[in-house]
Amino acid sequence: MYWSSFMTSSMQLAKECLSQKLTDEQGEGSQPFEGLEKFAETIETVLRRVKVTFIDTVLRIEHVPENSKTGTALEIRIESTP
């Protein structure tokens, strides 16, 4: 399964992090997009090293329509992953 399809891309994450800073620093150094690309590369490098193991895990996605007492759910039970 490709977890990256469920997560925010590193480029989007980098853009959000950098957009939180004030534009005071934009005049210094290289173009803002070049800095954004470098930051995204750094995030991708860190994420490539992350290893996840699921043991006795339950993933549950629920949808309960407004003004309803019942809904629909998808539940996935994972005993363990290699």
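One is the number of the first residue; the rest follow in order along the sequence. Hydrogens, waters and symmetry mates play no part in the numbers below; they use all other heavy atoms, side chains included.
Glu75 pairs by the side chain to side chain donor-acceptor pair (under 3.5 Å) definition with Arg60, Arg77, not counting sequence neighbours. Partners of Thr57 by side-chain contact (heavy atoms from CB on, under 4.5 Å), not counting sequence neighbours, listed by chain and number: Phe54, Leu59, Ile78.
Of all the heavy atoms in Gly71 and Pro65, the pair that sits closest is CA-CD, 4.1 Å. For Thr70 against Val64, the heavy-atom pair with the smallest separation is O-CG1, 3.7 Å.
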Validation: residues 45-53 side-chain donor-acceptor distances under 3.5 Å, sequence neighbours left out:
from  : atom 1 : to    : atom 2 : distance (Å)
Thr45 : OG1    : Glu41 : O      : 2.9

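Residue-environment remark: CD (Glu79) stays at or below the threshold of 12 foreign heavy atoms within 6.0 Å.
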